[in-house]
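Below: the structure, in structure tokens.
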Amino acid sequence: MNKDRKLIIAGNWKMNKTVAEALDLVNGLKRELGTVKEVDIVVCPPYTALESVSKAIIDSNLRLGAQNMSAHNVGAFTGEVASVMLKEFSVRYVILGHSERRQHQKESNALIAQKALAVHAAALKPIVCVGETLAEREGGQTEQVLETQIRGSLAGLSHDQMEESVVAYEPIWAIGTGKTASTQQAQDAHAFIRQVLASMFNEGVAKQVRIQYGGSVKPNNARELMSQPDVDGALVGGAALTVRDFADIIKNSI
Ligand code: PEP
């Protein structure tokens with residue numbers, strides 16, 4: 001695929017996989033995808049499997065991501081995990097502001113921006129999620145919602161930090177529902193996000209940023225989605241839980 005930006009496809013395992021199951025999955029992915037160089041491949045297991053998966057993927061082309069991180073570095077924050085702890089396991093990417101955390105943990109754009117700064121301060125890369133609900137789309141508010149989320153969740157990043165960040169466009173109505181945004185809906189939202197980034201930063205920065213699509217990505221829709229000019233990868237939930245589906249999404253995207 002002829003795009004200046006390298007594709008990045010990440011699997012968000014959410015609250016799935018014991019250590020043994022996680023190892024089965026990554027060992028299978030290593031076998032299937034060991035020679036892929038065209039795509040940055042990222043797996044994001046739960047915290048409890050980070051150490052084992054980290055050891056299993058040393059010297060492979062798979063990279064490790066976490067599903068969340070504290071905005072704080074150390075201290076009295078029960079249940080939270082700091083950047084220095086993720087770095088012990090060679091984590092490279094951190095998903096921030098997933099819609100499930102925005103909904104269940106009430107994460108705000110301001111908090112996500114603080115976390116994004118903390119992620120960069122630790123020389124990690126954030127994958128910052130944005131996306132509208134079905135009611136917002138049907139109410140014609142998609143662009144307004146995306147602009148507010150992008151401006152709020154990426155506030156305060158330097159140009160260099162923004163270029164190293166990944167944005168994931170995940171329409172909430174498409175997550176885990178089997179409904180995928182049409183390629184045109186995805187492309188339009190991605191182009192809009194890039195336009196907002198250009199106005200917040202500049203055109204050069206906006207051109208560098210990789211924007212993933214997320215929401216019921218499967219082996220049979222990956223190719224068409226990835227062929228859109230502003231779609232630079234995928235954030236995959238359900239289909240990232242089996243070797244066959246995740247490997248086929250990646251192979252079909254190349
Ligand atoms: C997600 O939760 O990030 C996601 C995209 O899930 P799914 O692929 O299952 O829709």
Side-chain angles (χ1 to χ4, degrees), residues 1-10 39-40 93-99 102 107-117 119-120 125-175 179-217 221-236 253:
M1 190 165 302
N2 188 13
K3 227 180 266 184
D4 289 342
R5 296 173 294 268
K6 189 174 183 188
L7 286 180
I8 175 164
I9 299 184
V39 180
D40 286 335
Y93 295 88
V94 184
I95 299 172
L96 294 180
H98 190 278
S99 59
R102 289 180 186 263
E107 291 199 357
S108 65
N109 291 320
L111 176 65
I112 295 159
Q114 270 185 304
K115 291 185 178 195
L117 286 169
V119 166
H120 280 294
K125 295 181 202 292
I127 298 177
V128 177
C129 303
V130 296
E132 79 287 359
T133 63
L134 187 58
E136 288 163 344
R137 175 162 282 270
E138 289 178 347
Q141 295 168 296
T142 299
E143 292 195 346
Q144 187 198 317
V145 169
L146 292 180
E147 179 155 9
T148 302
Q149 290 178 338
I150 289 286
R151 287 189 182 277
S153 308
L154 300 168
L157 293 190
S158 68
H159 287 205
D160 286 351
Q161 288 172 333
M162 189 64 236
E163 286 184 2
E164 293 294 315
S165 302
V166 177
V167 173
Y169 168 60
E170 298 209 307
I172 293 169
W173 48 271
I175 295 180
K179 283 187 201 157
T180 318
S182 69
T183 46
Q184 196 55 52
Q185 285 171 323
Q187 168 55 27
D188 289 350
H190 284 226
F192 176 74
I193 289 168
R194 210 177 292 289
Q195 194 185 309
V196 175
L197 292 175
S199 99
M200 273 180 86
F201 297 90
N202 62 38
E203 289 281 347
V205 170
K207 277 207 182 100
Q208 295 290 322
V209 176
R210 294 184 291 180
I211 307 177
Q212 297 174 312
Y213 169 77
S216 298
V217 176
N221 58 25
R223 188 186 306 276
E224 205 187 329
L225 284 162
M226 298 308 126
S227 70
Q228 298 302 304
D230 286 293
V231 178
D232 309 312
L235 183 56
V236 184
S253 298

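Numbering starts at 1 and runs along the sequence shown. Every value quoted in this text rests on a predicted model; they were computed, and no experiment measured them.
Arg5 contributes no side-chain N or O that, together with a main-chain N or O of Gly233, makes up a donor-acceptor pair within less than 3.5 Å.
In this structure, Tyr213 and Val231 approach most closely via the heavy-atom pair CB-CG1, 4.1 Å. Contact record, Ile9 with Ser253: CD1-OG, 3.6 Å, taken as the closest heavy-atom pair. Heavy atoms only, all atoms of each residue included: Ala181 and Ala174 are closest at N-CB, 4.3 Å. Pro126 and Leu96 make their closest contact through CB-CD1, 3.8 Å (heavy atoms, listed as atom of the first residue, atom of the second, distance). Scanning both residues, Ile112 and Gly97, for their nearest heavy atoms gives CD1-CA, 3.5 Å. Here the shortest heavy-atom pairing between Ser216 and Asn221 reads O-ND2, 3.0 Å.
Between the CD1 atom in Ile211 and the CD1 atom in Ile150 there is a gap of 7.0 Å [rounded to 0.5 Å]. A distance of 5.0 Å separates CG of Leu235 from CD1 of Ile95, quoted to the nearest 0.5 Å. Between Ile193 atom CD1 and Gln149 atom CD the span is 8.5 Å, to the nearest 0.5 Å. In this structure, CE on Met200 lies 7.5 Å from CE on Met162, to the nearest 0.5 angstrom. Between the CG atom in Leu117 and the CG atom in Leu157 there is a gap of 5.5 Å [rounded to 0.5 Å].
Sorted by first and then second residue, the side-chain hydrogen bond (donor to acceptor under 3.5 Å, both in side chains) pairs involving residues 138-147 (not counting sequence neighbours) are Glu147-Arg151. Applying the salt bridge (Lys or Arg N to Asp or Glu O under 4.0 Å) rule to pairs touching residues 153-174 yields Lys125-Glu164, sequence neighbours excluded. Sorted by first and then second residue, the ring-ring contact (aromatic ring centres under 6.0 Å, His included) pairs with a member in residues 152-172 read His159-Phe201, Tyr169-His190; sequence neighbours excluded. Evaluation of the salt bridge (Lys or Arg N to Asp or Glu O under 4.0 Å) test over residues 192-208, restricted to residues two or more places apart or in two chains, returns Arg194-Asp230, Arg194-Asp232.
With sequence neighbours excluded, the residues satisfying side chain to side chain contact (heavy atoms under 4.5 Å, CB included) with Ile8 are Asp40, Val42, Tyr93, Val166, Arg210, Gln212. Under the side chain to side chain contact (heavy atoms under 4.5 Å, CB included) criterion, Ser108 pairs with Ala110, Leu111, sequence neighbours left out. Under the rule for a side chain to side chain donor-acceptor pair (under 3.5 Å), the partners of Thr183 that lie at least two apart in sequence or sit in another chain are Glu224. Residues passing the side chain to side chain donor-acceptor pair (under 3.5 Å) test with Ser165, sequence neighbours excluded: His120. Residues passing the side chain to side chain contact (heavy atoms under 4.5 Å, CB included) test with Ser99, sequence neighbours excluded: Ile172, Ile175.
Considering only heavy atoms from C-beta on, Val217 comes within 4.5 Å of Leu225 through its side chain. Put simply, the side chain of Ser153 reaches to within 4.5 Å of the side chain of Asn109, judged on heavy atoms. Looking only at side-chain heavy atoms (C-beta outward), Glu107 and Lys115 come within less than 4.5 Å of each other.
Within a 6.0 Å radius of NZ in Lys179, no more than 12 heavy atoms belonging to other residues, nucleotides or ligands are found.
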